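Structure incoming, see below.
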Amino acid sequence: TVIFSSSDSEATLPEEVQMLGGASRGFLISLGTLGPQYIKVIDAEDSTKSTQVNIDVVAGPVDHYTFDVIPDNRKAGESFNVTITARDKFNNPTTSNETITLNASTGLGTFEPEQVNMNGGVWSGALVIYQAGENISISAVDTKGFSGVSNNFNVLPQEYSRLLVLLPGQTHIPGRWNSETKTWPGPGKTGNPTPVTVGFPVNVIVKAVDMYGNQVKYQPIVNLSSDAFAVFTENDFTLNPDGEKEINVILRTATTHTIK
């Protein structure tokens with residue numbers, strides 16, 4: 001009976017095997033730690049009878065990617081360093097020069113860059129996220145489908161910059177680029193106002209936002225006006241503590257109005 005052992009704590013070794021006199025057998029052994037390692041075989045009944053094979057273990061092919069920890073509380077629109085490492089199935093660093101596609105949980109058009117090139121198994125560079133939020137993560141995937149995901153982290157908005165007015169038919173899209181120029185900042189909203197009926201109340205949402213359209217907890221005094229006759233249910237009001245308020249406006253003339 002022979003017993004296998006190895007200097008590699010990640011090794012997968014055969015169980016004790018009984019050998020018949022004069023017989024030989026092949027065994028599958030897997031090593032998972034880089035560098036010089038050995039495999040040793042000992043006779044279970046006579047430990048003086050043993051043999052050892054020394055072997056230099058190198059990394060296997062790419063199995064996944066890992067991110068260095070991204071610190072919490074990044075600021076929208078401010079770059080921070082990201083390091084991505086290619087690893088084999090035992091999590092050893094390995095060589096890769098693949099093109100990596102990045103994606104943020106905030107969605108397309110809220111971050112840059114979208115693609116990076118690994119250099120010998122590592123990419124380290126600046127990344128910017130423009131949309132504020134909680135539990136944001138970055139994912140990476142190469143052309144063969146191998147992937148990895150960062151830790152979750154929060155992105156905070158910048159300081160108060162402007163007011164955003166949303167009418168029925170419009171949606172708030174913070175941190176999104178200008179879809180035509182693919183540059184930031186974008187408009188902070190999407191959609192066209194839906195037609196309304198003269199004399200009926202229209203819901204208007206006013207938000208305090210930063211330069212990228214992220215809502216901020218700020219309470220300015222707001223004055224709304226229209227280029228045509230309109231009645232506001234209230235005016236010269238203060239936003240709620242979360243930086244938002246809804247009011248109604250009644251339009252009195254059948255024409256195209258601008259509310260600001």
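Just the heavy atoms: all of them, side chains too, but no hydrogens, waters or symmetry mates, feed the values below. Keep in mind that what you see is a predicted model, and the values were worked out from it rather than measured.
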Practice task
Answer yes if Leu163 and Leu167 sit in the same cluster of Ile, Leu, Val, Met, Phe, Trp and Tyr residues linked by side chain heavy atoms under 4.5 Å apart, and no otherwise.
Solution key: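 Yes, it is one cluster - the side chains of Leu163 and Leu167 are joined through contacts under 4.5 Å.
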Handout entry: Residue pair Arg162, Val209: steps toward the side chain to side chain contact (heavy atoms under 4.5 Å, CB included) verdict
Key = CA-CA 6 Å; Arg162 59 190 171 94; Val209 299; 3.6 Å; yes
Problem - Evaluation steps, side-chain hydrogen bond (donor to acceptor under 3.5 Å, both in side chains), between Ser7 and Gln37 - result: CA-CA 6 Å; Ser7 59; Gln37 305 292 344; 2.6 Å; yes
Problem - Side chain to side chain, Asn240 and Lys245, heavy atoms closer than 4.5 Å - result: yes
For residues 138-146, which side-chain donor-acceptor pairs fall under 3.5 Å, sequence neighbours excluded?
unit_1 : atom_1 : unit_2 : atom_2 : d
Ser139 : OG     : Asn103 : O      : 3.4
Asp142 : OD1    : Lys144 : N      : 2.9
Asp142 : OD1    : Gly145 : N      : 2.9
Asp142 : OD1    : Phe146 : N      : 2.9
Asp142 : OD2    : Tyr65  : OH     : 2.7
Thr143 : OG1    : Glu98  : OE1    : 2.5
Lys144 : NZ     : Glu98  : OE2    : 2.4

Problem - Test item: His172 side-chain N/O and Lys207 main-chain N/O as donor-acceptor pair under 3.5 Å - result: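 A pair under 3.5 Å: no.
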Exercise for the section: Answer with yes or no whether the hydrophobic clustering places Phe67 together with Ile100; edges join I, L, V, M, F, W, Y residues whose side-chain heavy atoms lie under 4.5 Å apart. Expected result: yes
Problem - Reported CD-to-CD1 distance for the pair Glu45 and Ile3, which is rounded to 0.5 angstrom - result: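 Here the interatomic distance stands at 9.5 Å.
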Handout entry: Reference residue Glu244; test side chain to side chain contact (heavy atoms under 4.5 Å, CB included); the match among Leu239, Ile205, Leu166
Key =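 Exactly one pass, corresponding to Ile205.
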Problem - Residue pair Asn91 / Thr66: nearest heavy atoms and the distance that separates them - result: OD1-CG2, 3.9 Å
Problem - Non-hydrogen atoms of Gly169 and Thr194 that approach each other most closely - result: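 Scanning both residues completely, I find the closest heavy atoms to be CA-CG2, 3.8 Å.
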Exercise for the section: Answer whether the closest heavy-atom distance between the side chains of Arg25 and Val17 falls below 4.5 Å. Expected result: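 A side-chain contact exists here, since the closest heavy-atom pair is under 4.5 Å.
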Handout entry: Main-chain N/O of Asn92 paired to Asp88 side chain as donor or acceptor, under 3.5 Å
Key = yes
Problem - Reported CG-to-CG distance for the pair Asn235 and Leu224, which is rounded to 0.5 angstrom - result: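 Result: 5.0 Å between the selected atoms.
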Handout entry: Side chain to side chain, Phe153 and Arg74, heavy atoms closer than 4.5 Å
Key = yes
Handout entry: Residues, nucleotides or ligands: over 12 heavy atoms within 6.0 Å of Asn192 CG
Key = no
Handout entry: Rounded distance [0.5 Å steps], OG in Ser105 versus CG in Asn135
Key = 8.5 Å
Practice task
Find out whether Ile136 and Asn152 are in side-chain contact, i.e. whether some heavy atom of one side chain is under 4.5 Å from a heavy atom of the other.
Solution key: no
Exercise for the section: State yes or no: do Tyr212 and Leu156 share one hydrophobic cluster built from I, L, V, M, F, W and Y residues joined by side-chain heavy-atom distances below 4.5 Å, directly or via other members? Expected result: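 No, because Tyr212 and Leu156 fall into different hydrophobic clusters, even though each may have its own neighbours under 4.5 Å.
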Problem - Heavy-atom side-chain contact between Arg87 and Asp63 under 4.5 Å - result: no
Handout entry: Within one Ile-Leu-Val-Met-Phe-Trp-Tyr cluster: Trp184 and Ile173, side-chain cutoff 4.5 Å
Key =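 Result: no, two separate clusters.
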Using distance only, find each side-chain donor-acceptor pair of residues 119-132 under 3.5 Å and give its atom names and separation, not counting sequence neighbours.
unit_1 : atom_1 : unit_2 : atom_2 : d
Ser124 : OG     : Asn81  : ND2    : 3.3
Ser124 : OG     : Thr83  : OG1    : 2.9
Tyr130 : OH     : Glu112 : OE2    : 2.5
Gln131 : NE2    : Pro174 : O      : 2.8

Problem - Atom of Ser30, atom of Phe90 and distance for their closest heavy-atom approach - result: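 What the structure gives for the nearest pair is OG-CZ, 3.4 Å.
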Practice task
Answer yes or no: is there a donor N or O on one side and an acceptor on the other, between the side chain of Asp210 and the main chain of Gly213, under 3.5 Å?
Solution key: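 Here the side-chain-to-backbone pair exists.
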Handout entry: Distance (rounded to the nearest 0.5 Å) between Gln215 CD and Asp242 CG
Key = 5.5 Å
Practice task
Answer yes or no: is there a side-chain heavy-atom contact under 4.5 Å between Val222 and Ile247?
Solution key: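 No - every pair of side-chain heavy atoms lies 4.5 Å or more apart.
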Practice task
Treating Ile, Leu, Val, Met, Phe, Trp and Tyr as nodes and any side-chain heavy-atom pair under 4.5 angstrom as an edge, say whether Met211 and Tyr160 lie in one connected cluster.
Solution key: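 Cluster IDs for Met211 and Tyr160 differ.
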Practice task
Identify the heavy atoms of Ala86 and Ser96 that sit nearest to each other, and give their distance.
Solution key: CB-CB, 3.7 Å
Problem - Minimal non-hydrogen separation, Ser47 against Ile42, with atom names - result: CA-CG2, 3.7 Å
Problem - Backbone N/O of Gly32 and side chain of Asp8: donor-acceptor pair under 3.5 Å - result: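 Judged by distance alone, yes, a pair lies under 3.5 Å.
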Handout entry: Expected output: side-chain Asn178 to main-chain Gly186 donor-acceptor under 3.5 Å
Key = no
Problem - From CA spacing to verdict: side-chain hydrogen bond (donor to acceptor under 3.5 Å, both in side chains), Thr110, Arg176 - result: CA-CA 5 Å; Thr110 63; Arg176 193 74 55 88; 5.7 Å; no
Practice task
Taking atom NZ of Lys75 as the centre, report whether more than 12 heavy atoms of other residues, nucleotides or ligands fall under 6.0 Å from it.
Solution key: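 Counting other residues, nucleotides and ligands, NZ of Lys75 exceeds 12 neighbours.
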Handout entry: Separation of Leu108 CG from Thr106 OG1 (nearest 0.5 Å)
Key =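 The OG1 atom of Thr106 sits 9.5 Å away from the CG atom of Leu108.
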Practice task
For the residue pair His64 and Lys89, establish whether any side-chain heavy-atom pair is separated by less than 4.5 Å.
Solution key: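 No, too far: nothing below the 4.5 Å cut-off.
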Problem - Nearest-0.5 Å distance that lies between atom OG in Ser50 and atom NZ in Lys40 - result: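 The NZ atom of Lys40 is 5.0 Å from OG of Ser50, to the nearest 0.5 Å.
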Practice task
Check for a donor-acceptor pair, side chain of Asn151 on one end and backbone N or O of Ile70 on the other, with a separation under 3.5 Å.
Solution key: yes
Handout entry: Pairwise side-chain contact, Asn248 with Asn203, heavy-atom cut-off 4.5 Å (strictly under)
Key =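 Counting from C-beta outward, Asn248 and Asn203 do come under 4.5 Å.
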Problem - Polar side-chain atom of Asn214 near backbone of Pro157 as donor-acceptor pair, under 3.5 Å - result: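 Flag not set: sc Asn214 to bb Pro157 has no pair under 3.5 Å.
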Handout entry: Ser6 side-chain N/O to Tyr38 backbone N/O, donor-acceptor pair under 3.5 Å
Key = yes
